[in-house]
Amino acid sequence: MTRFLLRRLMQSLVLLWLVSIIGFAVLHLAPGGPLAEFTLIPGMTPAQLKLIAHQMGLDRPLPVQYWEWFRRMLVGNWGRSYRDSQPVLDVIAAHIGPTLELMVSSTIIAVVLGTWVGVLGAIRRYSVFDYLATVGAMIALSIPTFWFGLVVIYIFSVKLAWLPAGNLYTVGNGSFLDYAVHLIAPSVVLALVTIAIWSRYLRASMLEVVNQDYIRTARAKGVPERTILFRHTIRNALLPMITIAGLQLPTLLSGALVTETVFTWPGMGRLFLDSIGYRDYPVVMGILMFSAILVLLGNLIADLLYAAADPRIRLD
Amino acid sequence: MSAAIETSAPSAPARRARNRALARFVRHRLALFGLGAIIVLVLLCAIGPYLWIYNDLHIDIRHRFAEPFMGAHILGTDALGRDLFARLMSAGQVSLTVGFAAMAISTVVGTLVGTVAGYFGGAIGSALMRFVDAVLCFPSIFLLLALAAFVQPSLFSITLVIAATAWMEVARVVEAQIRSLRERDFALAARVLGASDAHIMFRELLPNAIAPIVVASTLNVARAILLEAYVSFLGYGIQPPTPSWGNMLNNAQEYLVTAPWLALLPGLFIILAVTGFNFVGDGLRDALDPRLDIT
């Protein structure tokens with residue numbers, strides 16, 4: 001167990017190091033570079049630009065720049081935003097809350113609905129419901145998240161006026177209920193893809209468990225079908241879903257960026273988009289690193305949880 | 001599809017396998033529906049603009065925001081009075097071209113990386129695959145935006161950027177296939193006969209890994225069309241006046257109250273195209289690779 005943990009941590013760190021090189025290369029090899037923003041200022045002379053480049057350390061060789069950034073990043077100094085000179089980690093910390101709340105609430109919705117659809121599809125295999133669920137999941141995976149967001153806004157905010165069209169809360173109303181109401185639409189929109197994926201995998205997992213010997217044994221012993229379903233089948237079918245949940249993190253983060261844009265939700269995705277617009281390299285780089293850490297950590301935790309939940313899995 | 005299957009020798013068992021594969025494919029009515037949708041869309045976008053009475057760039061400010069199904073503009077007009085149907089068709093040319101081209105590039109790159117990594121294994125193989133893992137750590141839209149925002153947007157550069165975020169799955173699939181094929185007797189035979197590494201990789205092993213590549217690249221067209229829509233919607237993709245299904249939705253949110261069709265219709269075209277490719281990809285998987293059949 002400890003050996004597994006150590007090995008996985010080492011692998012994750014190597015991957016993070018690669019991620020940092022790729023991210024740095026993507027941002028710094030691209031034409032334009034961090035100076036592009038300053039060239040737009042009227043009256044800026046080439047000499048002044050050169051001075052700015054020097055002061056920002058941009059005139060040094062790229063490997064040196066990378067090393068400087070990497071060295072500081074390791075000790076928690078992720079640089080300062082070009083936009084307002086705030087430390088990058090503070091900027092990210094200020095925006096991560098709304099994103100995490102959105103991701104958690106949409107995951108809860110997706111797990112509840114996805115489990116229901118997946119289980120029902122498996123126990124009524126080849127029924128009309130199963131067929132519709134299969135087709136529905138494929139279509140759901142083909143719908144652009146932002147378009148689904150626009151449709152939800154159109155129906156529930158414009159036509160029915162049941163839900164707000166965006167933002168965290170109504171100005172001047174700080175109640176939890178108001179916040180929860182604002183959370184509904186973006187969470188549902190973000191949940192769509194996860195519902196589809198979760199229900200498909202759970203259905204397959206259920207069908208696998210149903211054929212196991214211990215289910216046949218339970219049935220032979222005369223255990224009621226209800227008990228078999230709830231106590232044996234579903235619980236065992238949910239085990240491998242822990243891994244699936246971990247693997248969904250990148251998709252969820254991508255979806256969050258788009259959802260936040262449509263619903264003017266001030267989270268990390270919006271921050272990323274804004275920072276790209278401002279060519280705020282330190283923040284862009286910081287968010288890339290931060291999301292990669294989140295993804296790797298998610299996978300690691302999923303593996304550990306899986307091992308804890310299923311004693312048959314040996315991690316070594 | 002036929003190209004994928006005919007790589008095996010046309011012996012009697014192979015013919016039977018081919019018939020079974022075809023039967024499974026036909027049975028997969030959704031795949032046929034998807035294929036139909038793709039053919040209709042491709043023909044519509046390729047020929048439609050030459051037959052339709054309106055030009056997609058013709059501005060008619062007196063008839064702006066015309067509602068769909070109410071007059072000569074069958075799907076209505078946009079904020080400048082341009083015919084929406086004409087725009088959807090020429091946007092389709094752009095979006096489908098980007099989708100196919102990005103698929104082609106990502107398939108070639110993914111196949112190359114996967115083949116080399118799977119064949120050589122060892123340090124080269126694990127270095128390449130760790131690189132694949134590292135790129136997969138980025139949420140795809142984040143990577144897509146980071147790349148797209150810092151290049152001069154053009155049809156070509158957007159295609160490259162989308163391909164750059166979509167080749168990794170192909171590489172993984174191919175690597176696994178090649179790694180297992182490498183151990184087979186026919187690969188050993190080729191080596192004993194003195195065949196070069198390149199010959200074994202691309203003439204002996206790769207033809208046997210075509211089926212999963214075809215499946216992955218079909219699904220990749222769907223993915224590429226979606227990614228184009230995302231990046232153009234967010235403003236860093238195909239730039240106006242060139243229309244694409246994604247950038248037609250770029251300003252649609254402003255008009256959601258007054259002209260909702262501007263948001264709804266391009267989305268429906270995207271969904272039709274993406275579902276089409278997803279259905280076909282799924283059908284091909286059933287037909288070509290029965291082991292993956294989870295239904």
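Just so it is clear, the values below take in all heavy atoms, side chains as well, and ignore hydrogens, waters and symmetry mates. Letters A, B, ... mirror the listed sequences (proteins, then strands); counts begin at 1.
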Under a 4.5 Å heavy-atom cut-off, does chain B meet the side chain of A/L257, its backbone, both or neither? side chain
Ignoring hydrogens and geometry, is there a side-chain-to-backbone donor-acceptor pair from B/R130 to A/L18 under 3.5 Å? no
Check whether any side-chain heavy atom of B/I141 lies under 4.5 Å from a side-chain heavy atom of A/F272, and answer yes or no. no
So which atom in A/S142 and which in B/N278 form the shortest heavy-atom distance, rounded to 0.1 Å? OG-ND2, 2.9 Å
Which bit of A/V262 is near chain B, if near means a heavy-atom gap under 4.5 Å: side chain, backbone, both or neither? both
At their closest point, which heavy atom of A/G277 faces which heavy atom of B/Y236, and how far apart are they? CA-OH, 3.2 Å
Rounded to the nearest 0.5 Å, how far does CG of B/D282 lie from CE of A/M138? 4.0 Å
For chain B, the option from A/P144, A/A122, A/A292 that forms the most heavy-atom pairs under 4.5 Å: A/P144
Among A/V158, A/L150, A/L16, residue most engaged with chain B (heavy-atom pairs, under 4.5 Å): A/L150
Chain A contact via B/A229 - which portion, at a heavy-atom distance below 4.5 Å: both
Chain B heavy atoms under 4.5 Å from A/Y154: which part of the residue, side chain, backbone, both or neither? both
Please report the interatomic distance CH2(B/W245) to CH2(A/W147), rounded to the nearest 0.5 Å. 13.5 Å
With chain A as the partner, which of B/L136, B/L226, B/V257, B/L272 has the greatest number of non-hydrogen pairs under 4.5 Å? B/L226
Side chains of A/S254 and B/Y230: is there a donor and an acceptor less than 3.5 Å apart? no
